[in-house]
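Note sheet for the following structure.
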Amino acid sequence: MAGIYIHIPFCRHKCSYCNFFSVVSQKHRTEIVPAILQEIDARKNAINEKVETIYFGGGTPSLLSVNEVEQLIDKLFASFEIINQPEITFEANPDDVNPEYLKSLKQLGINRISIGIQSFREEDLNYLERTHNASRISNVMSAIVGAGFKHINADLIYGIPGQQNEAIHYNVSRLLDYPLDHISAYALTVEPGTKLNHQISKNKKPDIEESAITQHFYQLSDFLLAHGFEHYEISNFALPGCYSKHNTSYWYQKPYLGLGPSAHSYDGNSRWWNISSVSGYVKGVNEGKIPLEKEVLSLEQKFNEFIMLRLRTQQGIDMQEVARLFGPSWHNDLRKAFKSVENTQYIRWQNNRIVLTRKGFWFSDGIAAQLFRG
Ligand code: SF4
């Protein structure tokens, strides 16, 4: 089974912390959908498996008109073998959506909405330079529920300077006022090149505090577990049976095709990513050659990615799968490497799997590095 990701690279405004590829200029706004439709034609043989999930991400997909979304969905169904009732997720900003728009998306077959709430506190939204305000959220959530969506994810950001334990409790308990079945909670990070990085370096905004972030991670997890959610991946919580199928396929290294500027693809052996430029992408499509970079993965790279991605999940590393995919010798090496990092507080052996404890989730990158080859 495979997934398709469509990247819509426009935003009304650039949030201070954002390092996703998106532009505020609307110069090529009307050209993007025709270009992606052409890219679909060019890539229709890129995946040989049935498509199980479709994901509209960005940027801001909710800047597309209903007609543009319909053109993209129709083209995907005409070009790929897609299972009955695939999971189709659509990222939306609280600013852009209204009841009619949401109902139209539902009628097009979109069955999962991911809404970028981030916080219910005005001071947090101001720090992040989000364009919506907290009072808008309840109208938007009513509209999503009113349109008939049963699968709703909300994005939340924690670790914003000024947040105390009460703020985390307030944000996460306000989320549960709504019938969400999935919550993605991300620690704020200050990425090089972002406006936030510049603001902090010039002392125009307070810096993040690592120790508070770690504590808030555990606080969030405790709260959501107590309310019936599973902490099934470091940054993701879901009610039982409501995991994001699309994101899960990334962690399980299933093939996916990314369409649009900067979109990444993976076919099981190699990875490629389209140029991160809207004009370069549109020009490339029109000339019949989209600029991209490609990397063929060695077995060692695949193994290290396998370790890193599986450790992010509640299921951890299945040792039988390691033996099947990488052979008995690498399986035995991993077993030995595990012995050297074994620590019941952070990582343990459980039913022939290596799993991180909830505490260990926070240290997953460092622990994974100790299990890598090479
Ligand atoms: S809306 Fe999302 S993609 Fe756009 S600038 Fe803000 S964080 Fe980045």
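Only this structure's heavy atoms are used, side chains among them; waters, hydrogens and symmetry mates stay out. We number each residue from 1, following the sequence as shown. Just follow the structure's listing: the first ligand is 1, and inside any ligand the first atom is 1.
With 3.5 Å as the limit, one finds no donor-acceptor pair spanning the side chains of Glu233 and Tyr243. There is no side-chain donor-acceptor pair under 3.5 Å between Asn286 and Glu31.
Not a single heavy atom of Arg12 sits under 4.0 Å from any atom of ligand 1.
When hydrogens are left out, the protein atom nearest atom 2 (Fe) of ligand 1 is Arg130 NH1, 4.0 Å; that is the closest non-hydrogen contact.
Ring geometry, Tyr178 versus Phe120: the interplanar angle falls under 30°, so the pair is classed parallel (tilted spans 30 to 60°).
For the pair Gln215 (side chain) and Ala212 (backbone), a donor-acceptor distance under 3.5 Å is absent. Of the possible donor and acceptor atoms, none in the side chain of Thr60 sits under 3.5 Å from a partner among the backbone N and O of Leu63.
A salt bridge is defined here as a Lys NZ or Arg NE, NH1 or NH2 lying under 4.0 Å from an Asp or Glu carboxylate O, and Lys195 with Glu129 meets this definition.
Shown in contact with His13 at under 4.0 Å from a heavy atom are these atoms of ligand 1, numbered in order with element: 5 (S).
Note on atom 8 (Fe) of ligand 1: protein N/O/S atoms under 2.8 Å are Cys18 SG.
For Tyr158 and His216, the gap between ring centers reaches or exceeds 6.0 Å.
By the rule that hydrophobic residues join a cluster once side-chain heavy atoms approach within less than 4.5 Å of another member, Ile307 and Tyr252 end up as members of one cluster.
With Thr194, Asp155, Asn93 as candidates, the residue nearest to atom 1 (S) of ligand 1 on a non-hydrogen basis is Asn93.
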